[in-house]
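Written out below as structure tokens is the structure these notes cover.
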Amino acid sequence: MPTDKEVKSRPFMVMVENAPQARPQTGLDQADIVYEILAEGEITRFVSVFQSQAAKTIGPVRSIRPYFVEIGDALDAVIVHAGWSQEAMDMMAGRKLAHLDEVYGDGAYYWRATDRKAPHNLYTSMDKMKQGAEARKFRSEWNGPLLTFAKDAQSKLTGAAVNYIQIPYIQGYFVSYEYNAAEGVYKRSMEGKPHLDKETGKQLQTRNLLVLESKHKIVDKEGRRTVDVFGPGKGLILQEGKSQQITWERKNGMLRAYAEGGKEVPLLPGNTWIQIVPEGTTLKME
């Protein structure tokens with residue numbers, strides 16, 4: 001939400017997995033921003049950013065990769081994860097980033113649920129993360145980027161109306177969103193079924209939806225990738241049933257959308273989902 005007061009509470013960036021065994025997830029409905037990005041293999045992973053809501057359960061939590069670290073570092077967030085690739089750990093150690101790792105020393109700030117098998121049953125909460133950050137003596141004051149909001153909370157998008165969008169990722173896995181005019185949000189589905197929160201049973205939704213094309217490259221035999229989270233690149237933004245072609249670029253800590261002429265496209269008050277897809281991804285829109 002836009003505010004005239006200075007926001008000092010440091011956000012937490014939680015790695016939430018999206019393997020079939022991890023679904024449905026918990027807490028994504030309370031994240032301010034969620035990025036969905038391919039991990040290795042045929043799955044995506046969620047980079048979920050929590051600041052304004054005190055989520056009581058978040059997860060399942062999984063491991064981190066370098067391009068996820070880049071997002072958390074730019075946001076000046078405390079990075080919350082369970083394990084890592086060596087390159088990601090080297091990056092966090094080299095930059096002395098604030099992070100909580102369940103696998104190596106921070107297990108007190110997580111718990112294992114009994115209704116799922118490991119490793120798909122690891123959870124945390126806003127309270128647990130704050131306890132961990134305090135115990136580790138992480139800086140609590142936020143030095144992060146500010147979002148740009150529409151002054152009158154009205155969308156100014158100039159492109160075609162889009163009531164439905166389907167985003168293919170890989171091997172038949174696709175994400176879709178359908179516009180709900182009564183609520184002014186896009187409702188999220190995965191593989192044609194509503195994507196629900198495990199605790200509330202409610203369908204995930206977003207006020208701002210960005211689809212950003214990015215350079216992807218597989219770099220090892222495990223299928224790990226590099227993903228460009230700096231830009232510039234092409235993309236699309238959707239708000240209130242309308243769309244607009246944009247370019248995106250990381251500036252001042254955020255992946256931001258720009259209209260032709262270089263003016264930033266403002267967000268509407270509410271949450272934001274950012275779908276990062278490989279270059280050349282063909283979107284289906286109605």
Side-chain angles (χ1 to χ4, degrees), residues 13-50 55 57-65 67-68 71 113 115-117 119-123 162-181 183-214 216 223 225 227 235-239 241 243 255 270-278 280-286:
M13 189 202 89
V14 187
M15 295 305 310
V16 175
E17 74 160 319
N18 195 28
Q21 304 94 315
R23 304 172 193 160
Q25 296 87 355
T26 304
L28 293 176
D29 59 329
Q30 295 176 72
D32 298 300
I33 306 173
V34 180
Y35 301 77
E36 183 172 16
I37 314 176
L38 283 164
E40 62 268 20
E42 312 303 342
I43 56 171
T44 61
R45 199 155 284 181
F46 298 115
V47 179
S48 52
V49 184
F50 294 84
T57 306
I58 304 167
V61 181
R62 287 302 295 273
S63 59
I64 197 159
R65 301 291 177 264
Y67 45 97
F68 302 137
I71 292 173
D115 61 340
R116 287 180 173 172
K117 293 182 179 178
H120 313 289
N121 64 346
L122 185 68
Y123 294 86
V162 176
N163 289 309
Y164 173 85
I165 182 169
Q166 186 182 110
I167 306 160
Y169 268 97
I170 199 163
Q171 294 292 353
Y173 166 69
F174 66 91
V175 173
S176 59
Y177 291 85
E178 190 163 3
Y179 183 58
N180 182 303
E183 298 179 44
V185 296
Y186 282 91
K187 301 270 190 175
R188 177 183 164 93
S189 295
M190 282 179 34
E191 298 179 310
K193 296 179 181 178
H195 189 177
L196 308 179
D197 180 83
K198 185 174 185 290
E199 296 299 315
T200 66
K202 293 182 179 178
Q203 189 172 5
L204 299 178
Q205 62 188 38
T206 185
R207 282 278 279 162
N208 304 284
L209 176 61
L210 285 77
V211 185
L212 309 182
E213 291 191 29
S214 158
H216 288 54
R225 290 178 168 86
V227 177
L236 184 73
I237 184 170
L238 294 92
Q239 297 169 335
S243 70
L255 306 191
N271 67 327
T272 299
W273 278 66
I274 299 174
Q275 308 286 149
I276 295 181
V277 300
T281 296
T282 301
L283 306 175
K284 178 182 176 183
M285 290 182 281
E286 298 172 3

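All figures in this text were calculated on a predicted structure; none of them were measured in a lab.
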Value rounded to 0.5 Å, distance of [atom1] in [X] from [atom2] in [Y]:
X	Y	atom1	atom2	answer
Q166	S189	CD	OG	10.0 Å
M190	Y173	CE	OH	4.0 Å
T26	Y123	OG1	OH	4.5 Å
L210	I237	CG	CD1	4.0 Å
Q25	E199	CD	CD	12.0 Å
F50	I33	CZ	CD1	11.5 Å

- Query: Distance-only, no hydrogens or angles: does the E213 side chain make a donor-acceptor pair with backbone N or O of G280 under 3.5 Å?
  - Reply: yes
- Query: Is a donor on one side and an acceptor on the other found under 3.5 Å between the side chain of E40 and the backbone of R225?
  - Reply: no
Distance-minimising heavy-atom pair for [X] and [Y]:
X	Y	value
G27	D197	N-OD1, 2.8 Å
P24	L196	CB-O, 3.3 Å
Q239	Y186	N-CE1, 4.0 Å
A31	N271	O-CB, 3.8 Å
L238	S243	CG-CB, 4.2 Å
Y169	E36	OH-O, 3.1 Å

Do [X] and [Y] have side-chain heavy atoms sitting under 4.5 Å apart?
X	Y	result
L38	P278	yes
K117	Q21	no
Y177	I167	yes
D32	T272	no
V47	M15	yes
V61	V14	yes
P119	R62	yes
L255	Y35	yes

- Message: N18 vs V16, test: side chain to side chain contact (heavy atoms under 4.5 Å, CB included). Steps then yes/no.
- Response: CA-CA 7 Å; N18 195 28; V16 175; over 6 Å; no
- Item | Member of R23, R188, Q203, K187 meeting the side chain to side chain donor-acceptor pair (under 3.5 Å) criterion with H195 | R188
- With Y179, the side chain to side chain contact (heavy atoms under 4.5 Å, CB included) member among V162, L209, N163: N163
- Item | Pair L122-E17, side chain to side chain contact (heavy atoms under 4.5 Å, CB included): steps then yes or no | CA-CA 10 Å; L122 185 68; E17 74 160 319; over 6 Å; no
- Query: Which of parallel (below 30°), tilted (30 to 60°) and perpendicular (above 60°) describes F46 and W273?
  - Reply: perpendicular
- Verdict with reasoning, M285 to L236, per side chain to side chain contact (heavy atoms under 4.5 Å, CB included): CA-CA 11 Å; M285 290 182 281; L236 184 73; 3.6 Å; yes
- Carefully, step by step, assess I71 and I37 under the rule side chain to side chain contact (heavy atoms under 4.5 Å, CB included). CA-CA 11 Å; I71 292 173; I37 314 176; 3.6 Å; yes
